[in-house]
Amino acid sequence: MSSNHEDHLILCAAVMHSVGMHLGAWMASDGDATDYVSPSLYLDVAAAAEEAKLHAVFFADALTNSQTGTTRPCSALDPVMILGLMVAGTKRLGLVATATTTYESPYLLARRFGSLDHLSKGRAAWNVVTSTDEASALQFGGGHLPPHADRYAVADEFLEVAFELWGSWEEDAMVGDKRNKLFARADRVHPINHKGQYFDVTGPLPFPRSPQGRPVIFQAGASEPGKAFAAKYADVIFTSQHLLEGAIEFRSEMRKRASAAGHEVKVLPGMSVHLGGTEEEAWRRRRELDEAIGVEPEIEKLALRTGVPTEALELDKKFPYDLLPPDEEFEASVGYRRSLINLARKEDLTVRQLIVRYGGGQQLVVGTPEQVADLMIEWRDAGAVDGFNLMVDMLPSGLHDIRDMLIPVLQERGIFHEDYEHPTLRENLGLRPVGPVPGHATI
Ligand SMILES: Cc1cc2nc3c(=O)[nH]c(=O)nc-3n(C[C@H](O)[C@H](O)[C@H](O)COP(=O)(O)O)c2cc1C
């Protein structure tokens with residue numbers, strides 16, 4: 001067994017749609033129908049993820065149930081609240097929540113994630129998204145989803161404000177001298193006086209700098225503005241990559257662009273995993289999930305992911321590439337779409353085959369822990385990844401399988417750490433301490 005740090009992968013567990021990545025997860029799981037709004041499920045997830053020594057647990061967010069309707073649960077609860085609950089049951093697990101720059105307030109959000117970083121003693125991270133659906137826009141008075149370019153322009157200024165706020169207390173501002181009634185030094189706590197195109201924020205934040213300096217920034221947009229944004233601000237990039245060549249190219253491009261912007265990034269492609277003691281067992285698990293949901297919702301999801309109308313997606317015909325709307329007219333994720341269309345073309349798939357093969361949006365792997373480990377090693381050795389975002393198929397059993405079946409094999413192969421080495425997420429990810437605010441000389 002090797003234990004060279006350079007060989008170790010970063011692994012996160014992704015919690016999608018509250019109950020698992022597969023659309024059939026809610027129907028197929030054994031738990032109570034309302035597990036997804038009960039603390040017990042999330043405390044189980046937190047404990048299992050930390051027992052597995054995963055670097056972090058990641059919560060996606062949907063804001064509305066417009067895509068799932070009333071047939072099954074969506075990412076219903078506020079992810080930061082769930083992570084606040086998880087703080088109490090864990091000591092080292094990183095806690096990543098999704099939040100949107102399109103509808104949030106920079107001051108409130110900087111305060112919320114700063115609070116999580118304090119309460120978790122340096123384990124908080126924010127997955128920055130710009131939102132892609134019209135239904136969310138209806139909840140905030142504006143009525144319409146702003147255009148793609150505008151959303152990223154807002155996101156850029158939003159992050160600038162948040163970074164300034166997280167730096168508004170200098171590291172030595174806190175004194176804590178009760179006898180002399182001196183809590184903090186006024187000359188070390190600075191208003192930010194930000195006046196910009198979208199936000200006017202005076203600051204400072206109401207509490208001292210948090211343990212990581214600022215929360216770790218995750219990002220997953222893969223359009224051109226999305227990549228420019230990631231190169232400037234992200235510490236970790238989630239990406240949908242079904243093919244090895246695409247993953248190598250993407251990581252190489254993003255490392256270069258981030259390095260030109262003066263920092264480093266870790267690139268974690270998603271991996272939708274179904275595990276079994278044998279390949280047949282793993283496929284049986286997959287088939288049970290498929291049967292639980294049926295094919296109609298999968299067609300609807302593929303239509304949303306590609307912009308092709310559902311009626312044009314005929315199961316036993318090839319994917320209708322000529323009906324793809326151009327990138328400029330497509331509001332959902334360009335990156336997700338590019339990756340799955342490349343897969344369909346390369347493997348010449350029918351719609352039915354593509355529905356299985358694209359893993360709901362992330363590379364699909366169905367097999368034994370040894371097979372998963374072989375694939376991870378191949379991708380790592382090819383320079384395609386710093387680790388993986390493991391999309392848990394169904395909670396909590398999929399995460400238990402990762403902990404009990406996959407992790408021991410990865411440790412045995414010397415590609416995953418035996419334990420956390422540091423108190424903070426930033427350190428456990430192998431990232432340098434925080435630098436200055438992008439575009440500013442110092443914080
Ligand atoms: C692993 C992963 C998880 C994501 N989770 C969310 C999410 O929870 N909420 C959301 O609005 N978008 C989510 N996205 C979408 C992206 O963050 C991004 O907003 C989208 O790809 C559009 O950006 P783009 O046009 O730059 O690609 C996710 C993407 C990936 C790859």
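Counting convention: from 1, in listed order, for ligands and their atoms alike. All values below were derived from every heavy atom in this structure, side-chain atoms included, with hydrogens, water molecules and symmetry-related copies excluded.
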(message) Give me the residue, atom name and distance of the protein heavy atom closest to atom 8 (O) of ligand 1.
(response) D61 N, 2.7 Å
(request) Please say whether more than 12 non-hydrogen atoms of neighbouring residues, nucleotides or ligands are located less than 6.0 Å from CD in E245. (result) yes
(request) Answer yes or no for G270: is there a heavy-atom contact with ligand 1 below 4.0 Å? (result) no
(message) Taking distance alone, with N or O pairs closer than 3.5 Å, would you say H148 contacts ligand 1?
(response) yes
(message) Against R123, only a single residue in L93, T424, V96 fulfils side chain to side chain contact (heavy atoms under 4.5 Å, CB included); can you say which?
(response) L93
(message) If the cut-off is 4.0 Å to any non-hydrogen atom of A60, which atoms of ligand 1 fall inside it?
(response) 8 (O)
(message) Heavy atoms only, cut-off 4.0 Å: how does K227 contact ligand 1, side chain, backbone, both, or neither?
(response) neither
(request) Go through ligand 1 atom by atom and flag the ones less than 4.0 Å from a non-hydrogen atom of G226. (result) 26 (O)
(request) Please name all residues satisfying ring pair (Phe, Tyr, Trp, His ring centres under 6.0 Å) with Y107, sequence neighbours left out, ordered by chain then number. (result) none
(request) Pull out every atom of ligand 1 sitting under 4.0 Å from any heavy atom of S223, numbered as shown with elements. (result) 24 (P), 25 (O), 26 (O), 27 (O)
(message) Would A222 count as a polar contact of ligand 1, with the cut-off being nitrogen or oxygen pairs under 3.5 Å?
(response) yes
(request) Taking all heavy atoms of L354 and all of F319, pick out the closest pair and write down the distance. (result) CD2-CD1, 3.9 Å
(message) Under the rule for ring pair (Phe, Tyr, Trp, His ring centres under 6.0 Å), what residues qualify as partners of Y42, not counting sequence neighbours?
(response) F59
(message) Tell me whether ligand 1 is touched by Q362 - counting only heavy atoms on the residue side and a distance under 4.0 Å.
(response) yes
(message) So that I can tick it off, tell me whether E253 and R257 are bridged by a salt bridge, with the cut-off set at under 4.0 angstrom between side-chain N and carboxylate O.
(response) yes
(request) List the closest protein heavy-atom neighbour of atom 23 (O) of ligand 1: residue, atom name, distance to the nearest 0.1 Å. (result) Y152 OH, 3.2 Å
(request) May I ask you to identify, for N389, whether its side chain, its backbone, both or neither come under 4.0 Å of ligand 1 on a heavy-atom basis? (result) side chain
(request) Decide side chain to side chain donor-acceptor pair (under 3.5 Å) for H55 and N428; before the verdict, give the C-alpha distance in whole Å, the side-chain angles of both, and the deciding distance to 0.1 Å. (result) CA-CA 7 Å; H55 289 79; N428 282 320; over 6 Å; no
(message) Is there a polar contact, in the sense of an N or O pair closer than 3.5 Å, between S333 and ligand 1?
(response) yes
(request) Looking only at protein heavy atoms, identify the closest one to atom 18 (C) of ligand 1 and say how far it is in Å. (result) G221 CA, 4.0 Å
(message) Suppose I only count heavy atoms of G335 and a 4.0 Å limit; which atoms of ligand 1 are within that range?
(response) 27 (O)
(message) Within the structure provided, determine whether H400 and M405 are in side-chain contact (heavy-atom separation under 4.5 Å).
(response) no
(request) Return the residue, atom name and 0.1 Å-rounded distance of the protein heavy atom closest to atom 15 (C) of ligand 1. (result) Y336 CE1, 4.3 Å
(message) Tell me whether F59 reaches ligand 1 (any heavy atom closer than 4.0 angstrom to a ligand atom).
(response) no
(request) Answer yes or no: does atom CZ of R380 have more than 12 heavy-atom neighbours from other residues, nucleotides or ligands under 6.0 Å? (result) yes
(request) Would you mind telling me if ligand 1 is within reach of the side chain of Q219, the backbone, both or neither, using heavy atoms under 4.0 Å? (result) neither
(request) Could you tell me the residue and atom name of the protein heavy atom closest to atom 6 (C) of ligand 1, and the distance to it rounded to 0.1 Å? (result) V129 CG1, 4.0 Å
(message) My understanding is that only one of C74, P79, S131 makes a side chain to side chain contact (heavy atoms under 4.5 Å, CB included) with D61; could you say which?
(response) P79
(message) Which residue in the set F158, F163, F218 passes ring pair (Phe, Tyr, Trp, His ring centres under 6.0 Å) when paired with W126?
(response) F158
